[in-house]
2 protein chains.
Amino acid sequence: MLVESQPDLTVLGEADNGADAVRRAADLAPDVVLMDVRMPGMDGIEATRRIIASGGRSRVLVLTTFDLDEYAYAALRAGASGFLVKDAQPEDLLSGIRVVAAGDAVVAPKLTRRLLDRFADQFPVEGETENGQSAERLEMLTEREREVLTAIGRGWNNTEIAERFHLAESTVKTHVGRILAKVGARDRVQAVIFAYNTGLVSPDNHG
Amino acid sequence: MLVESQPDLTVLGEADNGADAVRRAADLAPDVVLMDVRMPGMDGIEATRRIIASGGRSRVLVLTTFDLDEYAYAALRAGASGFLVKDAQPEDLLSGIRVVAAGDAVVAPKLTRRLLDRFADQFPVEGETENGQSAERLEMLTEREREVLTAIGRGWNNTEIAERFHLAESTVKTHVGRILAKVGARDRVQAVIFAYNTGLVSPDNHG
DNA sequence: GCCGCCTTGGTACCCCGGTACTACGACCGC
DNA sequence: GCGGTCGTAGTACCGGGGTACCAAGGCGGC
């Protein structure tokens, strides 16, 4: 009703499940498909993927819940042109439809926060800037700490590290704690990821 | 002038270079800092990084050019709360400032398109990991298990995995336990290493 | 000499992660 | 229909990991 009330927008069709949505999108070739992530039968992500893959010029705008969960990211991979929350303000919904129709993309502000956070996680600065943040954080580790981090990156637990370095386990814990603080990791798992991303350890050379 | 014309917004100060921006942000503690990416002396990214790192509650909204270049991504990594284009419509600029002030984030539609595309690139569609040796152990994982392993490889703990996949934490633990058994890992740290070695997760930097 | 950093080590405490079960509904192949 | 797998979820338990402290010896710089 909201969409129909707009002179420049028209509802071409509706569907209450994914398979039907794919069929109707193919038949009607709408400029924009408003897709609910959760639907009976084929879910919205798979439907989005197929609509995009079909090669038509329909763009898919996903309606999601308050949080950006894995379904949302899956929809992103599938080629969605944006995300809006289901309880969005009418004007925001209409605005989003027009933006997507124009070929741009839109993300609800509440979701953008999370999107950016996660995006930042995936793109450490050192990737493109040569002397980025992580390299600096690697530099601020002491020699011993780098050794311990390398050991962590090889999958050793604190006991093993203590044994192989002839240290007390409490000492290892002290080092680990400082390493986590310095590189900004929450636990040793994230420390391993850091070690890989900085090149301190590389795939397939752990003995 | 535009900002000052709004009853709920006030310009606390201005700066024409990065170092000055950092100083003034520290002194004035504004809710929102409008940051130009390119500035003489210290650039906007470094200034953004320092303002965020200072621990104040100032949020940084970056004004960038038409395309999201590497500077923009670096700003994102530095903790920026959003991006607007320099020639944005006045109402969009004001709207963006209010959104950021409210704790959310905003990205100009023209930039969102590129952001989403690049984000999607970072998450390859499942099934294209073709790698030698350990790949068969990857094969014996179920679809769900591979998803969970990928999440582990991103550094998420069980609680986060449960949230983002909408599962009970006990279910996540069940999956994790089975993954460890299948790939021959003792704990999630070794599972992360496995994920990197098989290419399920890749270092996203430095080639 | 004194200060700061690195390394080592300790104690106490809490929580998350991993294990060991059990269980049930959905789905698929035979 | 029936057995197998998969995904979901639960309980109970315990050990390792992480945190918050403190402390001492070595070593280099000012």
- Task: Can you figure out which of C/dT19, D/dG18, C/dG9 approaches the side chain of A/R188 most closely?
- Result: D/dG18
- Closest to the A/E143 side chain: D/dG18, C/dT7, D/dT8? C/dT7
- Query: To the nearest angstrom, how far is B/N157 atom CG from D/dG18 atom P?
  - Reply: 12 Å
- Nearest-nucleotide pick for A/R144, side chain only, options being C/dT11, C/dT7, C/dG17: C/dT7
- Query: At their closest point, which heavy atom of B/P109 faces which heavy atom of A/V99, and how far apart are they?
  - Reply: CB-CG1, 3.7 Å
- Query: So, is A/S170 near the phosphate of C/dG9, with a side-chain N or O under 4.0 Å from OP1 or OP2?
  - Reply: no
- Between P of D/dG15 and CZ of B/R186, the distance in whole Å: 16 Å
- Item | Given DNA chain D, 5'-ward residue of the pair B/F165 and B/D187, judged by closest heavy atom | B/F165
- May I ask you to check whether A/S81 and B/R113 show a side-chain donor-acceptor distance below 3.5 Å? yes
- Task: Scan A/T142 against the nucleic acid and name what it touches under 4.0 Å (heavy atoms): base, sugar-phosphate only, or nothing.
- Result: sugar-phosphate
- With the threshold set at 4.0 Å, does a side-chain nitrogen-carboxylate oxygen contact exist between A/E160 and B/R186? yes
- Hey, is the side chain of B/R178 pairing donor to acceptor with the base of D/dT8 inside 3.5 Å? yes
- Euclidean distance, atom CD of residue A/Q190 to atom P of D/dG18 [Å, nearest integer]: 11 Å
- A/E169 CD to C/dG10 P, in whole Å, measures 10 Å
- Note on the structure: When rounded to whole Å, the CG to P distance for the pair B/L167 and D/dT8 reads 5 Å
- Query: Atom CD1 of A/I161 to atom C1' of C/dG9: distance rounded to whole Å?
  - Reply: 16 Å
- Note on the structure: Side-chain atoms of B/K173 come closest, of C/dG18, C/dG9, D/dA9, to C/dG18
- Message: If I take atom CD in residue A/E160 and atom C1' in nucleotide D/dG16, what distance separates them, rounded to the nearest angstrom?
- Response: 12 Å
- Test log, rule side chain to side chain contact (heavy atoms under 4.5 Å, CB included), inputs B/V33 and B/L61: CA-CA 6 Å; B/V33 176; B/L61 182 50; over 6 Å; no
- Judged by nearest nucleotide, the residue sitting upstream toward the 5' end of DNA chain D, A/N158 or B/E145, is B/E145
- Determine the interplanar angle of the B/F165 and B/W156 rings, folded into 0 to 90°, and report it as parallel if under 30°, tilted if 30 to 60°, perpendicular if over 60°. tilted
- Any side-chain N or O of A/T171 under 4.0 Å from OP1/OP2 of C/dG9? yes
- Note on the structure: A/H175 NE2 to D/dG17 C1', in whole Å, measures 16 Å
- When you measure from the side chain of B/L180, which nucleotide among C/dG9, C/dT19, D/dA9 comes out closest? C/dT19
